[in-house]
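The analysis underlying the following values was restricted to heavy atoms, covering all of them including side chains, and did not include hydrogens, waters or symmetry mates. A quick note: this is a predicted structure, and the numbers were derived from the prediction, not measured.
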Amino acid sequence: MKAWKHIVSLILFAILSLPVHAESSYDIAQIYEISEPPSGTIAIGSFDKIKDVEYILTPTRIDTGKYVVEVKKIGDNLYRILRTDICIETRYCHEWASYSEEVVLIIESNFGYTKGKVIFD
């Protein structure tokens with residue numbers, strides 16, 4: 001009987017030690033349309049610093065709803081929706097998404113402080 005209890009407790013310990021799958025949700029601050037300028041385009045930043053320009057981001061609107069999309073991180077709190085010209089700006093997002101990552105995008109509004117949420121699995 002003692003061996004049986006020991007086996008059951010080992011099985012319970014093994015099950016409870018499995019990694020928990022949690023999702024991370026972040027607010028969407030802004031939605032942008034991406035355009036890529038010609039090679040060699042520069043801009044002047046803070047303190048008269050010249051910078052190469054990789055993308056030009058223009059605020060845009062998209063239909064409200066729930067979407068499953070793939071994103072890639074292109075900047076601090078900036079994620080490009082792959083195979084589109086749309087980019088989302090998040091608040092305090094710590095996800096790497098170096099290559100491509102499938103996420104749930106919930107667009108609740110095109111106005112206001114928060115446009116919706118992005119959920120990383």
Item to check | Heavy atoms from other residues, nucleotides or ligands near CZ of R61 exceed 12 (cutoff 6.0 Å) | outcome: no
To the nearest 0.5 Å, how far apart are [atom1] in [X] and [atom2] in [Y]?
X   : Y    : atom1 : atom2 : result
T90 : L78  : OG1   : CG    : 7.5 Å
T41 : E54  : OG1   : CD    : 11.5 Å
I81 : L105 : CD1   : CG    : 5.0 Å
I62 : I107 : CD1   : CD1   : 4.0 Å
C93 : K73  : SG    : NZ    : 6.5 Å
E70 : T84  : CD    : OG1   : 11.0 Å

Next on the checklist: Before you tell me yes or no, could you show the steps for I106 and I119 under side chain to side chain contact (heavy atoms under 4.5 Å, CB included), namely the whole-Å CA-CA distance, both residues' side-chain angles and the distance that decides it to 0.1 Å?
Outcome noted: CA-CA 8 Å; I106 301 171; I119 303 169; 3.9 Å; yes
Nearest heavy atoms of [X] and [Y], plus distance in Å:
X    : Y    : value
A29  : K115 : O-NZ, 3.5 Å
I86  : T60  : CD1-CG2, 4.1 Å
F120 : E101 : CD2-OE2, 3.4 Å

Next on the checklist: Hydrogens and angles aside, do E95 and S24 bring a side-chain donor and acceptor to less than 3.5 Å of each other?
Outcome noted: yes
Checklist entry - Just checking, any donor-acceptor pair under 3.5 angstrom between side chains of Y55 and E36? => result no
Next on the checklist: Under a 3.5 Å distance rule, please check whether D121 uses its side chain to pair with a backbone N or O of V103 as donor and acceptor.
Outcome noted: no
Checklist entry - Judged by atom type as modelled, is there a donor-acceptor pair below 3.5 Å linking the side chain of S109 to the main-chain atoms of F111? => result yes
Checklist entry - I34 and V53: same hydrophobic cluster, using ILVMFWY side-chain contacts below 4.5 Å? => result no
Checklist entry - Should V69 and Y26 be counted in the same cluster of Ile, Leu, Val, Met, Phe, Trp and Tyr side chains packed under 4.5 Å apart? => result yes
Checklist entry - Where do R80 and Y32 land on the side-chain hydrogen bond (donor to acceptor under 3.5 Å, both in side chains) test, with the steps shown first? => result CA-CA 9 Å; R80 183 175 190 159; Y32 296 101; over 6 Å; no
Item to check | Verdict with reasoning, I88 to Q30, per side chain to side chain contact (heavy atoms under 4.5 Å, CB included) | outcome: CA-CA 6 Å; I88 58 169; Q30 187 60 270; over 6 Å; no
Item to check | pair C87-I74: side-chain heavy atoms closer than 4.5 Å | outcome: yes
Next on the checklist: Looking at E108 and K117, is there a salt bridge between them, counting it only when a charged N and a carboxylate O are closer than 4.0 Å?
Outcome noted: no
